[in-house]
Amino acid sequence: MKFVIVFVALFAVALAAPPQQQVEIVRQDSDVQPEGYRFGYATSDGTQHDEEGQLKNVGSEDEAIVVRGSYSFVGDDGQTYTVNYVADENGFQPQGAHLPVA
């Protein structure tokens, strides 16, 4: 009897959940080289992500990768939010109009 009650409760929750939107990839590209890479994609729900990474100080003790990119998405409020970023020896540094500034 407990199993039936639990099953019915879970079934009711599943029916009450909003339908999930099918999201499709509308653009996808990538290019990988020995000293860097680039990729990007966009989906049908308005999400986009583009990124590029490049080695600096190649062959030295200070060799590191510098990554630059941006991503955007449509929030629950219908507004598009965009984040531009750099990631290097100073860490991840995001910038966006909706992000707080220290």
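Starting from 1, each residue takes its place in the sequence as its number.
- Hydrophobic clustering (side-chain heavy atoms under 4.5 Å, transitive across Ile, Leu, Val, Met, Phe, Trp, Tyr) keeps Val66 apart from Phe39.
- Note that CG of Asp29 is 7.0 Å distant from CG of Asp50, once rounded to the nearest 0.5 Å.
- In the hydrophobic cluster analysis, where Ile, Leu, Val, Met, Phe, Trp and Tyr join through side-chain heavy atoms closer than 4.5 angstrom, Val26 is grouped apart from Tyr71.
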List the steps, then state whether side-chain hydrogen bond (donor to acceptor under 3.5 Å, both in side chains) holds for Asp62 with Ser60. CA-CA 5 Å; Asp62 297 328; Ser60 74; 5.0 Å; no

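- Residues Tyr37 and Ile65 form a side-chain contact, since some pair of their non-hydrogen atoms from C-beta on lies under 4.5 Å apart.
- Judged purely by atom type and a 3.5 angstrom limit, Glu63 uses its side chain to pair as donor or acceptor with the backbone of Gly59.
- Following chains of ILVMFWY side-chain contacts shorter than 4.5 Å, one cannot reach Val23 starting from Val74, and the two form parts of different hydrophobic clusters.
- Residues Val67 and Val32 fall within the same hydrophobic cluster, defined by Ile, Leu, Val, Met, Phe, Trp and Tyr side chains chained together at heavy-atom separations under 4.5 Å.
- Atom OG1 in Thr80 sits 9.0 Å away from atom CD in Gln48 (nearest 0.5 Å).
- Every pair passing salt bridge (Lys or Arg N to Asp or Glu O under 4.0 Å) that includes a residue from residues 30-41 is listed here, sequence neighbours excluded: Arg38-Glu52.
- Taking CZ of Phe73 as the reference point, atom OG1 of Thr82 lies at 8.5 Å (rounded to 0.5 Å).
- Once rounded to the nearest 0.5 Å, the distance linking OG of Ser44 with CD of Gln21 reads 6.0 Å.
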Only pairs under 3.5 Å count here: list side-chain donor-acceptor contacts from residues 84-102, not counting sequence neighbours, and write none if there are none.
residue, atom, partner, partner atom, Å
Tyr85, OH, His49, NE2, 2.8
Tyr85, OH, Glu51, OE1, 2.5
Asp88, OD1, Asn90, N, 2.8
Asp88, OD1, Gln93, NE2, 2.8
Glu89, OE1, Lys56, NZ, 3.0
Glu89, OE2, Lys56, NZ, 3.0
Gln93, NE2, Gly91, O, 3.1

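- No more than 12 heavy-atom neighbours from other residues, nucleotides or ligands sit within 6.0 angstrom of CG on Asp76.
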